[in-house]
2 protein chains.
Amino acid sequence: MTKSPETSKKTSYHHGDLRAQLVEATRQLVEEKGADHFSVSEACRRAGVSTAAPYKHFKDKEEMLNQVILEGMHRKQQQMQDELAKYPDGGIDRIIALGRVYVRFAEQEPGVFRLMFGLTEDHENEDQLVAEGKRTFGAVQAEVARYRGSEVVEDQDIDRAFMLWSFVHGLSFLQIDGKVSTVDVSVDMEHILREIAERVMA
Amino acid sequence: MTKSPETSKKTSYHHGDLRAQLVEATRQLVEEKGADHFSVSEACRRAGVSTAAPYKHFKDKEEMLNQVILEGMHRKQQQMQDELAKYPDGGIDRIIALGRVYVRFAEQEPGVFRLMFGLTEDHENEDQLVAEGKRTFGAVQAEVARYRGSEVVEDQDIDRAFMLWSFVHGLSFLQIDGKVSTVDVSVDMEHILREIAERVMA
DNA sequence: TACATATGTAAGAGGTGCTAACTTTTACAG
DNA sequence: CTGTAAAAGTTAGCACCTCTTACATATGTA
């Protein structure tokens with residue numbers, strides 16, 4: 001099936017890897033109009049192909065969106081890794097770094113972020129997506145345990161990890177949905193992330 | 001079909017207050033299918049009127065949804081008041097109570113909750129909605145200040161109120177979007193609400 | 001040449017929000 | 001008990017968009 005890396009332009013027949021182009025168009029549209037106002041037809045227009053073309057690469061609309069989710073998760077995981085690498089083992093700065101990546105991702109890709117969480121039904125039955133989600137949350141748990149000086153995740157770590165998750169998750173949504181501004185709060189993101197981390201890890 | 005004679009509403013013409021019936025149908029549909037898959041036509045079918053009828057009562061689709069939001073906010077505010085009344089002044093139980101109402105509302109009316117926050121564009125320009133939002137957040141700030149023993153809201157209170165908000169907001173979304181279950185965490189809501197309140201107010 | 005893959009054409013079947021114009025019901029003044 | 005005007009509904013229709021498929025065609029490989 002997939003025989004060549006996507007970096008080369010002449011790897012395919014008519015287009016240069018239409019599948020990737022469609023995913024990219026989908027991602028852009030999700031950002032611009034939201035996942036619920038995304039339409040296959042429009043992605044086709046943007047990719048410069050007929051409305052029938054996607055169905056040789058994807059089962060249906062949902063599969064296109066799922067691909068966008070998956071790639072988004074991978075980007076986020078990569079960012080987490082990159083950010084973690086800047087800080088020494090076991091420090092609270094690493095906890096903060098994870099939160100920063102979370103919120104920053106939401107700010108930079110609010111459409112994909114919203115798509116990843118919630119609204120668009122299923123997801124629970126998409127094994128691959130669930131697996132990636134678990135993997136990410138597992139990484140947070142491990143980091144929390146390591147802050148405690150342990151390599152083994154215990155119940156208290158899971159609790160703390162979940163609190164951190166709730167926090168940054170809410171923070172992200174309030175931020176991208178503009179609720180912060182309607183209520184006249186000026187958010188110093190670095191400050192609040194540190195506050196949160198310290199209070200949860202205490 | 002399903003025409004149960006209304007309880008003596010003499011101020012109505014054909015139906016017993018079609019406006020209210022349409023809002024109720026809209027609310028139900030928002031719960032069942034999400035705000036983005038709500039259609040005026042379907043609300044009409046459910047209310048048993050023609051598709052043109054709503055336009056005698058609402059400017060457009062958005063105005064119908066906004067009414068659902070507004071009534072949702074009022075319900076939530078009422079619940080906050082009711083719950084607060086159970087606890088003595090200045091205790092942390094009052095802070096916890098506010099969080100409980102927030103999460104419980106999300107669980108009971110996830111569709112309306114999602115509609116209230118995010119996705120559906122504007123809102124920022126809907127003066128009435130913004131005002132109600134401010135009012136609610138102001139109540140939380142006041143409660144935080146009172147925990148400190150003060151009647152005057154200071155910056156530190158706003159910070160704490162915002163942290164609490166982020167927390168319960170994220171918690172609510174993770175809960176209703178089913179992310180909790182996919183990650184194998186069992187949430188004791190009362191426990192986590194108390195943990196959060198204590199850590200933020202410390 | 002034969003073949004497989006990738007795309008295009010065209011259409012089916014359905015849905016949407018909203019408006020114009022018409023009809024029925026109600027409220028109220030005299 | 002009327003006459004009238006407004007309110008609250010209905011019918012019909014415009015203009016548009018959607019996802020998906022069956023079939024035809026173009027392109028590259030062997």
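Remember, it's a predicted structure, so these values are computed and weren't measured experimentally. Below, chain A is the first sequence line, B the second, and so on; all start at residue 1.
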Once you round it to whole Å, what is the distance between P of D:dA6 and NZ of B:K56? 13 Å

Verify, without hydrogens or angle tests, whether B:E63 (side chain) and B:F58 (backbone) share a donor-acceptor contact under 3.5 angstrom. no

Starting from P on D:dG9, measure out to CZ on B:F58 and report it in whole angstrom. 11 Å

Do any pairs count as a ring pair (Phe, Tyr, Trp, His ring centres under 6.0 Å) and have a residue in residues 173-198 of chain B, sequence neighbours left out, and if so which ones? A:F173-B:F173, B:F113-B:F173, B:H169-B:F173

In whole Å, I'd like the distance from the CD atom of A:Q21 to the C1' atom of C:dA6. 13 Å

Is the B:F137 ring parallel, tilted or perpendicular to the B:F162 ring (thresholds 30°, 60°)? perpendicular

Between B:S150 (side chain) and B:R146 (backbone), is there a donor-acceptor pair under 3.5 Å? no

Does the B:K61 side chain pair with the main chain of B:F38, one donor and one acceptor, at a distance under 3.5 Å? yes

Nucleotide by nucleotide, nucleotides 13-20 of chain D touches protein heavy atoms under 4.0 Å in the pattern (B base, S sugar-phosphate only, - none) -----SSB

Using whole Å, what does the distance between atom P of nucleotide D:dT10 and atom CG of B:L22 come to? 10 Å

For A:R46, the side-chain contact (heavy atoms from CB on, under 4.5 Å) test, sequence neighbours excluded, returns A:A25, A:Q28, A:L29, A:E32

